[in-house]
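Below is one structure, written out as structure tokens, with a few remarks after it.
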Protein chains: 2
Amino acid sequence: MSDTLDAALRLMRAQAALVRRFDARLGGLHGVSLADFTLLLRLAQAPGGRMRRVDLAEALGLTASGVTRALAPLERIGLVSREPDARDARVAYASLTGTGRERLPEMLATAEETADELFAAPAWGERDVPVLAGLLTRLGGTGLRS
Amino acid sequence: MSDTLDAALRLMRAQAALVRRFDARLGGLHGVSLADFTLLLRLAQAPGGRMRRVDLAEALGLTASGVTRALAPLERIGLVSREPDARDARVAYASLTGTGRERLPEMLATAEETADELFAAPAWGERDVPVLAGLLTRLGGTGLRS
DNA sequence: CCCATAAACTTGAGTAGTCAAGGAATACGC
DNA sequence: GCGTATTCCTTGACTACTCAAGTTTATGGG
């Protein structure tokens with residue numbers, strides 16, 4: 001097997017392991033999945049804590065339909081709300097609620113702890129994490145297009 | 001956001017992009033997903049081209065139930081067959097069929113091409129791929145246990 | 001102005017996995 | 001050996017996506 005294929009397959013395994021850990025921690029402590037948390041984090045980074053669903057899809061690497069479905073439970077539990085656009089009736093914003101804004105920092109703390117554990121010494125040196133991030137950035141498009 | 005969390009989230013994005021490319025290529029040319037291909041490849045590496053389903057699950061980072069479901073369509077299209085164990089009636093082997101053995105090399109070639117494209121110069125240098133593989137290996141346990 | 005096209009979103013159907021429960025067969029302690 | 005525990009596997013019910021099709025609203029050319 002080629003080196004490149006080997007690297008790609010290892011990436012798959014690493015991601016699967018990573019998702020399981022994050023889901024376990026975030027789910028146990030805050031009742032959200034890693035996907036939920038990522039969505040909330042993006043929203044929080046957007047001006048006003050709100051985004052058009054289509055832009056959210058692009059930012060998350062999902063389809064529009066995936067965003068519709070991901071948002072539904074978050075709206076149900078009151079972390080996100082749906083807001084119409086005054087100028088364009090087609091668009092619906094997804095917006096962090098007060099509760100969402102309140103809870104996000106605790107989730108972020110949990111996520112950072114989890115990430116720190118994953119990349120803990122002794123296996124991981126100081127420089128390894130940024131190197132890995134750099135390499136991954138070359139791979140991970142910011143969208144769905146091939 | 002911490003460096004470690006950033007790296008973890010980039011890993012998620014990179015994997016999503018990667019799966020989409022492999023699925024498109026492998027699906028288009030051979031009618032299998034990346035998950036299917038990975039399963040077939042593991043089988044081919046095992047002595048006799050067969051494995052107990054439970055070991056296959058461990059090797060792939062899936063649950064036993066996931067393996068049952070993944071195997072069903074591969075058995076249906078005749079790439080894998082189910083074989084009983086003479087000594088232990090609980091275990092069922094998954095075994096590459098003749099067709100499976102025939103087709104796998106073509107799939108492997110496609111997968112290697114795809115991986116080579118993903119890691120193509122100029123963005124990727126000679127040493128980058130093994131470095132990435134090394135870093136990923138530290139993350140990706142060989143199983144489901146936390 | 002009006003029609004055609006395009007954009008934003010939702011919905012139905014399908015795929016890929018999870019977990020929890022359960023059936024059947026083997027292995028172990030005494 | 002005999003009952004209990006354990007292993008292997010499958011199944012039902014769920015989550016999280018995908019794609020294709022449809023609805024609604026906006027936009028731009030004649």
Side-chain angles (χ1 to χ4, degrees), chain A residues 12-13 15-17 19-24 26-28 31-39 50-77 80 82-95 143-146, chain B residues 12-13 15-17 19-24 26-28 31-39 50-77 80 82-95 143-146:
Chain A
M12 301 290 301
R13 294 301 301 270
Q15 187 260 8
V19 174
R20 268 188 267 268
R21 275 182 98 114
F22 276 94
D23 276 352
L26 286 169
V32 298
S33 68
L34 175 55
D36 293 335
F37 165 73
T38 308
L39 191 158
R50 60 210 277 286
M51 275 201 239
R52 302 186 336 166
R53 295 155 106 85
V54 102
D55 297 333
L56 197 47
E58 162 71 18
L60 294 171
L62 295 182
T63 60
S65 151
V67 167
T68 295
R69 307 200 127 106
L71 246 17
L74 295 176
E75 289 170 1
R76 205 172 43 68
I77 64 179
V80 170
R82 181 195 191 82
E83 293 179 2
D85 184 314
R87 313 175 170 260
D88 189 337
R90 287 171 306 181
V91 349
Y93 287 86
S95 171
L144 275 65
R145 39 216 112 295
S146 76
Chain B
M12 301 290 301
R13 294 300 302 271
Q15 187 261 8
V19 175
R20 269 187 266 268
R21 274 181 97 114
F22 276 94
D23 276 352
L26 286 169
V32 298
S33 68
L34 175 56
D36 293 335
F37 166 72
T38 308
L39 191 159
R50 59 211 278 287
M51 275 202 239
R52 302 186 336 166
R53 294 155 106 86
V54 101
D55 296 333
L56 196 47
E58 163 71 17
L60 294 171
L62 295 182
T63 59
S65 151
V67 167
T68 295
R69 306 198 128 108
L71 246 17
L74 294 176
E75 288 170 1
R76 205 173 41 69
I77 63 178
V80 170
R82 180 194 192 81
E83 293 179 0
D85 184 315
R87 312 177 169 258
D88 188 338
R90 287 169 306 180
V91 346
Y93 286 87
S95 171
L144 275 65
R145 37 218 113 292
S146 76

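Given the structure is predicted, the values throughout are model-derived calculations rather than measurements. Just so we're on the same page: letters track the sequence lines, and every chain starts at 1.
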Could you check how far CD of A/Glu58 sits from P of C/dA7, rounded to whole Å? 14 Å
To the nearest angstrom, how far is B/Leu62 atom CG from C/dT15 atom P? 18 Å
With a cut-off of less than 4.0 Å, is there a side-chain N or O of A/Arg87 near OP1 or OP2 of D/dA26? no
Respond yes when some side-chain nitrogen or oxygen of A/Arg82 is under 4.0 Å from OP1 or OP2 of C/dT10, and no when none is. yes
Return whichever of A/Asp36 or B/Gly66 has its heavy-atom-nearest nucleotide of DNA chain D closer to the 5' end. B/Gly66
Shortest non-hydrogen contact between B/Glu83 and B/Ser95, atoms and distance: OE2-OG, 3.3 Å
A/Arg52 side chain near C/dA8 phosphate (N/O to OP1/OP2, under 4.0 Å): yes
If you look at every strand shown and take non-hydrogen atoms under 4.0 Å, does A/Ala92 touch a base, only sugar-phosphate, or nothing? sugar-phosphate
note: A/Leu71, atom CG; C/dA8, atom P; distance rounded to Å ~ 16 Å
Qualifying residues under side chain to side chain contact (heavy atoms under 4.5 Å, CB included), relative to A/Arg90, sequence neighbours excluded: A/Asp88
Could you go through the side chain to side chain contact (heavy atoms under 4.5 Å, CB included) check for B/Val91 and B/Val54 one step at a time? CA-CA 8 Å; B/Val91 346; B/Val54 101; over 6 Å; no
Calculate the interatomic distance between B/Asp85 atom CG and C/dT26 atom C1'; express it in whole Å. 12 Å
Give B/Ala64 one of three labels, base, sugar-phosphate or nothing, depending on what nucleic acid heavy atoms sit under 4.0 Å from its own. base
Here the gap from B/Leu56 atom CG to B/Leu39 atom CG, rounded to the nearest 0.5 Å, amounts to 4.5 Å
Rounded to whole Å, how long is the line connecting atom OH of A/Tyr93 with atom C1' of C/dA8? 12 Å
Assign each of A/Ala70 and B/Asp88 to its nearest nucleotide of DNA chain D by heavy atoms, then name whichever residue's nucleotide is nearer the 5' end. B/Asp88
OP1 or OP2 of C/dT10 less than 4.0 angstrom from a side-chain nitrogen or oxygen of A/Arg53, does that happen here? yes
What is the distance, rounded to the nearest whole Å, between atom CG of A/Leu34 and atom C1' of C/dT18? 16 Å
Shortest side-chain distance from A/Thr68, nucleotide among C/dA24, D/dA26, C/dC9: C/dC9
Between C/dT10 and A/Ser65, is there an OP1 or OP2 to side-chain N/O distance shorter than 4.0 Å? no
Hey, does the side chain of B/Arg90 come within less than 4.0 Å of D/dT6's phosphate (OP1/OP2), counting only N and O? no
B/Ser33 backbone acceptor or donor facing B/Asp23 side chain under 3.5 Å: no
To the nearest Å, how far apart are A/Arg20 CZ and C/dA16 P? 17 Å
CZ of A/Arg50 versus P of C/dA8: gap in Å, rounded? 15 Å
Please confirm whether the shortest side-chain N or O distance from A/Thr63 to OP1 or OP2 of D/dT18 is below 4.0 Å. yes
I want to check one thing: is the phosphate of D/dG12, taken as OP1 and OP2, less than 4.0 Å away from some side-chain N or O of B/Arg69? no
Can you run down the salt bridge (Lys or Arg N to Asp or Glu O under 4.0 Å) pairs that involve residues 68-77 of chain B, sequence neighbours left out, and say none if there aren't any? B/Arg53-B/Glu75
